[in-house]
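First the structure, in the form of structure tokens, and then the observations on it.
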Amino acid sequence: MSKHCLAWVLAHPDDESFGSACAIKEAATRGNKTVLLVATDGEAGKTGYLGPMSKAELAAKRREELKEASRILGLSAITTLGYPDGKLAEIPILELENQIVRFINAHSAQVVITFGEDGVSGHPDHIAIHQATTKAVTGGACPTVEKLYYYFNPFQSKPKHKPSVRIPVSTHWETKVKALLAHESQLISIDPVFGYLDSPNSFPLSLQEEAFVLAWQHGEYFPTREESFFTDHLR
């Protein structure tokens, strides 16, 4: 029986591998249930080294890539919503919020992980998911949730909040590399960020750990503490 259910709520296929591959793998290795909600199929993204594709072809390709990455990471379940890529900010926030509430409640998740206020990269889809997920969790509609975490942005020069959870990439480096490589259509974007995946040291220093900010716990916003996703007793 799983210790806890950890739910990732993200915008695009590959968001899970970029920011959370090691965290997901570690959670699964420790016997937790790990589930993922992805709002779009990423059809507006680049096709990279694969050459031209239609949006429908790229969407299908990216769904398959996500399925393979999820298998590598040990995710228990994936839900995709199929909203238009690049247009999540145009979806009524209540609609997104309700979709997220249904997903979280369906899995009775205790921990939820999503983007921070700036979406890490400033992508409007990331920010829309941040806003809707935060409302879903803090609004009282997800009674099983005990903690909400945000991806820490490693590129900020003066971060507003310090990470509470830090996971060295070296912990599951081979898994992270395999998960990133599974997103074949996105390698042209992955390579400049992570180098060419030769070793953990090929990652820039800022990316040699996955870090997460504890944004909310039992009604308290941004409690300052260092901790783990994986404690036996979340409360």
Side-chain angles (χ1 to χ4, degrees), residues 8-27 34 36 38-51 53 58-59 61-75 78 85-86 88 113-130 149-163 165-213:
W8 274 260
V9 182
L10 302 170
H12 310 105
D14 79 16
D15 289 339
E16 81 297 329
S17 297
F18 263 92
S20 270
C22 298
I24 294 169
K25 184 64 175 180
E26 181 67 12
T34 55
L36 171 65
V38 179
T40 81
D41 291 327
E43 73 278 3
K46 301 172 183 177
T47 57
Y49 305 122
L50 300 183
M53 290 183 182
L58 182 56
K61 172 66 172 169
R62 296 198 70 179
R63 284 194 297 269
E64 288 303 311
E65 292 171 347
L66 178 62
K67 189 181 298 184
E68 175 61 12
S70 298
R71 182 194 66 78
I72 292 165
L73 297 175
L75 278 155
I78 320 165
D85 185 13
L88 287 183
I113 301 99
T114 191
F115 297 105
E117 297 97 324
D118 61 358
V120 179
S121 64
H123 195 301
D125 282 357
H126 295 186
I127 293 170
I129 285 295
H130 155 76
Y149 291 92
Y150 293 158
Y151 277 12
F152 176 72
N153 184 348
F155 306 110
Q156 290 178 318
S157 58
K158 295 181 179 180
K160 187 175 179 181
H161 305 290
K162 293 182 179 180
V165 174
R166 299 175 184 268
I167 300 174
V169 166
S170 58
T171 306
H172 294 289
W173 171 71
E174 290 186 1
T175 297
K176 188 174 181 84
V177 169
K178 288 177 182 177
L180 287 166
L181 291 175
H183 292 285
E184 186 183 14
S185 67
Q186 302 306 297
L187 290 182
I188 200 167
S189 300
I190 290 168
D191 285 344
V193 177
F194 289 101
Y196 288 84
L197 309 179
D198 296 324
S199 74
N201 294 330
S202 72
F203 290 10
L205 188 61
S206 60
L207 297 176
Q208 289 182 20
E209 66 177 13
E210 295 175 353
F212 306 87
V213 173

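Treat the numbers as computed from the prediction; the structure is a model and nothing was measured. All heavy atoms count here, side chains included; hydrogens, waters and symmetry mates do not.
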Check: R166 side chain, A211 main-chain N or O, donor-acceptor pair, under 3.5 Å: no

Donor + acceptor pair across side chains of E117, H130 (<3.5 Å): no

Any L36 side-chain heavy atom under 4.5 Å of L10 side chain: yes

Test side chain to side chain contact (heavy atoms under 4.5 Å, CB included) applied to L50 and E184, step by step: CA-CA 8 Å; L50 300 183; E184 186 183 14; 3.6 Å; yes

Y150 side chain near I113 side chain, heavy-atom distance below 4.5 Å: no

Closest heavy-atom pair and its distance - H183, S17: NE2-OG, 3.5 Å

Minimal non-hydrogen separation, P13 against V38, with atom names: N-CG1, 3.6 Å

Minimum side-chain heavy-atom gap D85-D41 below 4.5 Å: no

Set of residues satisfying side chain to side chain donor-acceptor pair (under 3.5 Å) with respect to D118, sequence neighbours excluded: N153, Q156

Residue pair T114 / W8, side-chain heavy-atom distance below 4.5 Å: no

Greater than 12 external heavy atoms within 6.0 Å of K61's NZ: yes

For Y151, ring-ring contact (aromatic ring centres under 6.0 Å, His included) partners two or more places apart: F115, F212

Check: E16 and L66 side chains under 4.5 Å, non-hydrogen atoms: yes

Note, E210 side chain near K176 side chain (heavy atom, < 4.5 Å): yes

Note, D125 side chain near T40 side chain (heavy atom, < 4.5 Å): yes

Any H126 side-chain heavy atom under 4.5 Å of D15 side chain: yes

S185 versus E65, side-chain donor and acceptor atoms under 3.5 Å: yes

Under the salt bridge (charged side-chain N to carboxylate O under 4.0 Å, His left out) test, residues paired with K67 that sit two or more places apart: E64

P159 to F152 - nearest heavy-atom pair and separation: CB-CE1, 3.6 Å

Minimal non-hydrogen separation, A27 against T34, with atom names: CB-CG2, 3.6 Å

Considering all heavy atoms, the nearest A21-L73 contact: O-CD2, 3.5 Å

Point-to-point distance, once rounded to the nearest 0.5 Å, from CD of Q186 to CG of L58: 6.5 Å

